[in-house]
Amino acid sequence: MLDESTKQQVKQYFERIKNPITIQLYSGEHEIREELVSFLNDILSLSPLISLENSNDLSDGLRFSILSNGNPTGIHFSGIPMGHEFTSFILAILQSGGNPIKLEEGILSAVSKLNGEFKFETFISLDCHNCPEVVQTLNSFALVNSNISHNMIDGAMYPDLVKERNIQGVPAVYLNGERFLSGKAEASVIFDKLLELYSIPTTNESKEGMENPKQVYDVTVVGGGPSGVTAAVYAARKGLNTLVIADRLGGQVKDTLGIENIISIPYTTGPELTHVLANQLDKNQIKKKENVRVQKIEPGQIKIIHLNTGEKIHTKTVILSTGAKWRELNVPGEKEFVGKGVAYCPHCDGPFFKDKDVAVVGGGNSGVEAALDLSGIVKSVTLVEFGDKLNADKVLLDKVASSPNIKTLIKAQTTEIQAGEDKVTGLTYKDRSTEQISTIPLDGVFVQIGLVPNSGFVKDVVATNRFGEILVDEKCKTNVDGIFACGDVTNTPYKQIIIAMGEGAKAAISAFEYLLHAA
């Protein structure tokens with residue numbers, strides 16, 4: 001199943017395997033079981049340290065597990081992990097084979113202390129670019145705690161199970177049979193969810209893994225998107241001792257599939273740009289703390305940053321570059337049916353609505369692009385816009401006008417998402433011209449109404465406007481000495497990647513000037 005180029009590349013990776021790996025294939029019948037066996041045999045041929053073992057345990061014919069040194073790792077796959085999940089599978093073998101797990105030590109230390117049984121299942125689509133991060137995080141959790149197991153389930157191979165659980169979006173994660181979370185989730189989000197549901201000792205309680213209080217950074221950048229990475233690179237090149245704290249490197253850009261408006265780069269993708277950003281951090285030897293979340297910041301001559309792992313970071317200056325997240329409608333039915341008809345990522349969840357009727361709420365570029373993407377998959381798209389007209393680029397509007405299965409509603413205020421039998425059935429809106437209330441029968445609703453700045457954790461520290469944007473001056477200074485901000489989290493107009501990068505450079509230079517005068 002694997003082409004020769006892929007085999008050679010994977011073979012090089014497998015040279016890092018230190019411990020014998022056994023792939024345990026469960027018995028059972030399935031129409032594509034032979035494809036799975038062929039796939040696994042291709043993998044076996046790439047390393048003498050990998051073997052295949054048939055298990056007498058009866059399954060559905062597509063389930064297999066990974067063992068390390070003959071011992072269960074808790075990692076299972078139901079389906080053939082190709083597409084975006086191929087990386088998850090290869091990484092699971094490498095980490096089971098003794099390679100380091102690339103999650104913050106504080107998170108791994110806390111997860112290792114969980115007591116009880118934790119059986120995770122993640123329903124995925126092989127076309128979903130948000131799913132691997134969830135799968136890889138939960139696989140890592142299984143490797144550090146024998147109480148945790150995780151099974152990746154390809155939803156396309158288990159339609160009856162998907163229907164039984166009313167899954168209409170991926171990733172969909174279950175814990176011990178109950179819905180745990182839906183949609184895109186970084187390691188920090190999954191960890192926070194566990195902290196919320198279970199009592200987990202953090203490093204603050206155990207005194208293990210605490211940041212050295214004698215270590216004081218010159219600059220700590222909170223956020224790992226284009227503005228944050230630019231700020232960190234500029235600070236490091238000024239000779240400043242710099243740390244980047246990011247719940248996800250790349251930020252929201254990581255989810256962007258096509259980028260064509262960065263001057264000198266005719267075309268790239270979010271994942272590709274994120275890879276370049278990570279390489280620039282490494283090239284400049286900038287320290288990173290990934291997959292962790294800042295809970296609060298104590299201002300002062302030396303600022304103290306509190307992480308969700310219990311660690312405390314001491315720093316002379318802070319650059320806030322935490323970006324923004326998708327804005328929610330905040331109407332009845334939205335939060336209740338995320339993953340059951342309500343979605344925010346048309347690329348990930350669109351295939352679940354093949355030949356069905358959906359709505360896209362939002363008439364800006366992101367909403368119109370989502371409608372166009374979905375129009376090639378679904379039966380019909382209704383584009384719902386609150387304003388008097390669609391506010392997308394003309395080239396996109398021309399494409400909408402020529403798409404026979406896209407209908408547009410303007411001056412339409414979404415008031416409720418209807419549901420029945422645990423799934424979305426329609427969208428209710430008010431015509432702002434006539435005040436008439438109408439309901440459109442639908443199978444899914446995609447929300448694309450803009451962004452909300454990720455500034456909640458500093459709302460009591462720095463000044464913000466009514467939108468939650470951090471107020472900065474022309475040098476990216478906030479109202480607090482030694483705290484700067486840049487990118488989409490600020491009141492700087494025009495939320496564009498190239499503008500965010502420029503603001504990141506300004507913030508770093510401003511921090512450098514501040515430190516010169518403070519010395």
Side-chain angles (χ1 to χ4, degrees), residues 129-130 133 183-186 188-189 192 221-232 244-257 259 261-262 270-271 273-274 277 290-295 297 318-330 334-335 338 343-348 360-370 386 391-392 446-472 476 478 483-504 506-507:
H129 65 280
N130 288 327
E133 187 162 6
K184 179 184 68 177
E186 299 79 38
S188 59
V189 173
D192 279 348
V221 179
V222 183
S227 62
V229 172
T230 304
V244 172
I245 300 173
D247 58 356
R248 68 191 307 242
L249 199 59
Q252 196 165 28
V253 162
K254 192 174 182 180
D255 301 325
T256 305
L257 293 189
I259 302 171
N261 57 358
I262 299 180
L273 181 58
T274 298
L277 295 176
E290 295 183 63
N291 307 124
V292 295
R293 193 185 299 277
V294 174
Q295 291 185 323
I297 296 176
V318 177
I319 297 177
L320 302 169
S321 60
T322 44
K325 60 185 176 183
W326 292 115
R327 186 182 299 276
E328 297 177 348
L329 288 167
N330 291 318
E334 180 184 18
K335 290 184 178 179
V338 170
Y344 299 87
C345 178
H347 307 293
C348 302
V360 174
V361 182
N365 277 349
S366 59
V368 173
E369 287 175 351
F386 179 88
N391 293 302
F446 289 81
V447 182
Q448 299 280 295
I449 56 172
L451 303 170
V452 177
N454 295 316
S455 59
F457 70 103
V458 288
K459 65 181 180 180
D460 297 325
V461 179
V462 297
T464 59
N465 61 18
R466 64 189 180 93
F467 303 110
E469 297 171 326
I470 297 173
L471 297 173
V472 294
C476 297
T478 70
I483 298 182
F484 306 83
C486 55
D488 288 2
V489 76
T490 72
N491 61 321
T492 300
Y494 313 122
K495 313 303 186 186
Q496 298 290 315
I497 295 172
I498 197 165
I499 293 174
M501 289 177 169
E503 292 296 300
K506 283 168 55 179

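FYI, side chains are in, hydrogens and waters are out, and symmetry mates aren't considered; it's all heavy atoms of this structure.
Counting only residues at least two apart or on different chains, no salt bridge (Lys or Arg N to Asp or Glu O under 4.0 Å) pair has a member in residues 221-232. Here salt bridge (Lys or Arg N to Asp or Glu O under 4.0 Å) pairs that include residues 485-496, with residues two or more places apart or in two chains, are Glu469-Lys495.
In this structure the side chain of Lys184 reaches within 4.5 angstrom of the side chain of Arg248, judged on heavy atoms. Considering only heavy atoms from C-beta on, Val253 comes within 4.5 Å of Ile259 through its side chain. In this structure, Arg327 and Val447 have side chains that are not in contact, with every pair of non-hydrogen atoms separated by 4.5 Å or more. The side-chain heavy atoms of Val222 and Val458, taken from C-beta on, include no pair separated by under 4.5 Å. Here the side chains of Ile470 and Pro453 are not in contact, with every heavy-atom distance at 4.5 Å or above. A heavy-atom distance below 4.5 Å is not found between the side chains of Phe484 and Val472.
In this structure, Ile483 CD1 and Ile319 CD1 are separated by 11.5 Å, a value rounded to the nearest 0.5 Å. In this structure, the separation between SG on Cys476 and CD on Glu503 is 4.5 Å, given to the nearest 0.5 Å. The CD atom of Glu186 lies 8.5 Å from the CG atom of Asn130; values are rounded to the nearest 0.5 Å. To the nearest 0.5 Å, the span separating OG on Ser227 from CG on Leu320 amounts to 10.0 Å.
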Before giving the answer on side chain to side chain contact (heavy atoms under 4.5 Å, CB included), spell out for Ile245 and Val292 the whole-Å C-alpha distance, their side-chain angles and the decisive distance to 0.1 Å.
-> CA-CA 7 Å; Ile245 300 173; Val292 295; 3.8 Å; yes

Mind running side chain to side chain contact (heavy atoms under 4.5 Å, CB included) on Glu133 and Asn291 for me, showing each step along the way?
-> CA-CA 11 Å; Glu133 187 162 6; Asn291 307 124; 4.3 Å; yes

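Between Ser321 and Val489, the closest heavy-atom pair is CA-CG1, 4.3 Å.
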